[in-house]
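Comments concern the structure below.
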There are 2 protein chains.
Amino acid sequence: MSGFRNDTGGELVECRHGDQQVELPYRVGDKWTAHVLRALQHGRRRFTEVRAEMPGVTAKVLTETLRAMERDGTVTRTEYDENPPRVEYELTGQGHKLLGLLDLCCDWARENLVET
Amino acid sequence: MSGFRNDTGGELVECRHGDQQVELPYRVGDKWTAHVLRALQHGRRRFTEVRAEMPGVTAKVLTETLRAMERDGTVTRTEYDENPPRVEYELTGQGHKLLGLLDLCCDWARENLVET
DNA sequence: CCGCATCCTTTAGGATACTG
DNA sequence: CAGTATCCTAAAGGATGCGG
């Protein structure tokens, strides 16, 4: 169906908007997805560079996250046939829009997460 | 710190917006939270009514979700001392704002989740 | 009716070691 | 450098039964 539904049967969240009913990729809630969006917000980066901006993530989990986002259509993956190997990731148009949506969430948070 | 951080040490997601750095409640990614927001969008509902709009959820999990949202400040819980018992839930101001944010996510989804 | 207690399954995520 | 391959743990979520 949509470019966002992954082919491994990833979970989706139904969401109603007026009469429309859409599905959001549950993956946005994945632990590292938001961090990847931020790491790539200023352009193309290679694996190590992305990882450097995300303290605490292991190679395995970061790889899984990036592959999932690639399937979702939020990043592209470019592999160069060099030695030592080089792989670069970049946000797609959708990825940038998703990042913008995340910024809205930050706006919301700053307005509502007032000190108690 | 904030009214959104629960007192049981729930996980948060850091998020950068410009220079600001905020934290979002990871709980928004909980499986049923979005459904609860929709179920309560038109006003106060009792436990059974909420559950009826969420096929597949068990009482235990729904209770957990609602209690967590109560701690977060997105819903209020009103218990009536009747028999049989009656409990009603309602969105708070923050809850409505969060629902509005979810609507933005739906807008984004409808714009971007084009058929492939 | 509402929801707690108990037990169980699934899975995201992490630790570690190894490879082209 | 950019990953696999294993193994493991914690925690979310589900099934079922009981109780005020």
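From a predicted model like this one, the values you see are computed outputs, not experimental measurements.
- A/Y80 places its OH atom 24 Å from the P atom of C/dG20, with the value rounded to the nearest Å.
- Distance CZ (B/R67) to P (D/dA12): 17 Å, rounded to an integer number of Å.
- One atom, CE of B/M54, and another, P of C/dG3, lie 13 Å apart when rounded to the nearest Å.
- Contacts of B/R51 with the nucleic acid, taken as non-hydrogen atoms under 4.0 Å apart, are absent.
- As a whole-Å value, the separation of A/D81 CG from D/dG3 P is 14 Å.
- When the side-chain nitrogen and oxygen atoms of A/R46 are compared with OP1 and OP2 of D/dA2, one or more of them lie within a distance under 4.0 Å.
- Going from atom CG of B/N83 over to atom P of C/dG3 covers 14 Å, rounded to whole Å.
- Residues meeting the side chain to side chain contact (heavy atoms under 4.5 Å, CB included) test with B/R46, sequence neighbours left out: B/E49, B/R86, B/E88.
- Taking B/E90 as the reference, B/R44 meet the side-chain hydrogen bond (donor to acceptor under 3.5 Å, both in side chains) condition, with sequence neighbours excluded.
- Take B/K97 and apply the side-chain hydrogen bond (donor to acceptor under 3.5 Å, both in side chains) test, not counting sequence neighbours, and it matches A/N112.
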Polar atoms only, N or O, under 3.5 Å: list the protein pairs with nucleotides 14-16 of chain C and their distances.
| residue | atom | partner | partner atom | Å |
| --- | --- | --- | --- | --- |
| C/dG14 | OP1 | A/K31 | NZ | 2.6 |
| C/dG14 | OP2 | A/W32 | NE1 | 3.1 |
| C/dG14 | N7 | A/K60 | NZ | 3.2 |
| C/dG14 | O6 | A/K60 | NZ | 2.4 |

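- As judged by a 4.0 angstrom heavy-atom cut-off over every strand, A/Y89 is placed among residues touching the sugar-phosphate backbone only.
- Looking at B/M69 and B/L37, their side chains come closer than 4.5 Å, going by heavy atoms from C-beta outward.
- In this structure, B/E82 places its CD atom 15 Å from C1' of D/dG20, rounding to the nearest Å.
- Side-chain atoms of A/T92 come within 3.5 Å of backbone N or O of A/T74 as a donor-acceptor pair.
- Of the side-chain N and O atoms in A/R77, one or more sit less than 4.0 angstrom from OP1 or OP2 of D/dG3.
- As a whole-Å value, the separation of A/E88 CD from D/dC1 P is 14 Å.
- Annotation: side chain to side chain contact (heavy atoms under 4.5 Å, CB included) contacts of A/E53 (sequence neighbours excluded): A/A39.
- For A/V57, the side chain to side chain contact (heavy atoms under 4.5 Å, CB included) partners two or more places apart in sequence, or in a different chain, are A/W32, A/R51, A/M54, A/V61, A/L62.
- To the nearest angstrom, P of D/dC1 lies 16 Å from CG of A/L66.
- Nearest to the side-chain atoms of B/P84 among the listed nucleotides C/dC1, C/dG20, C/dG3 stands C/dC1.
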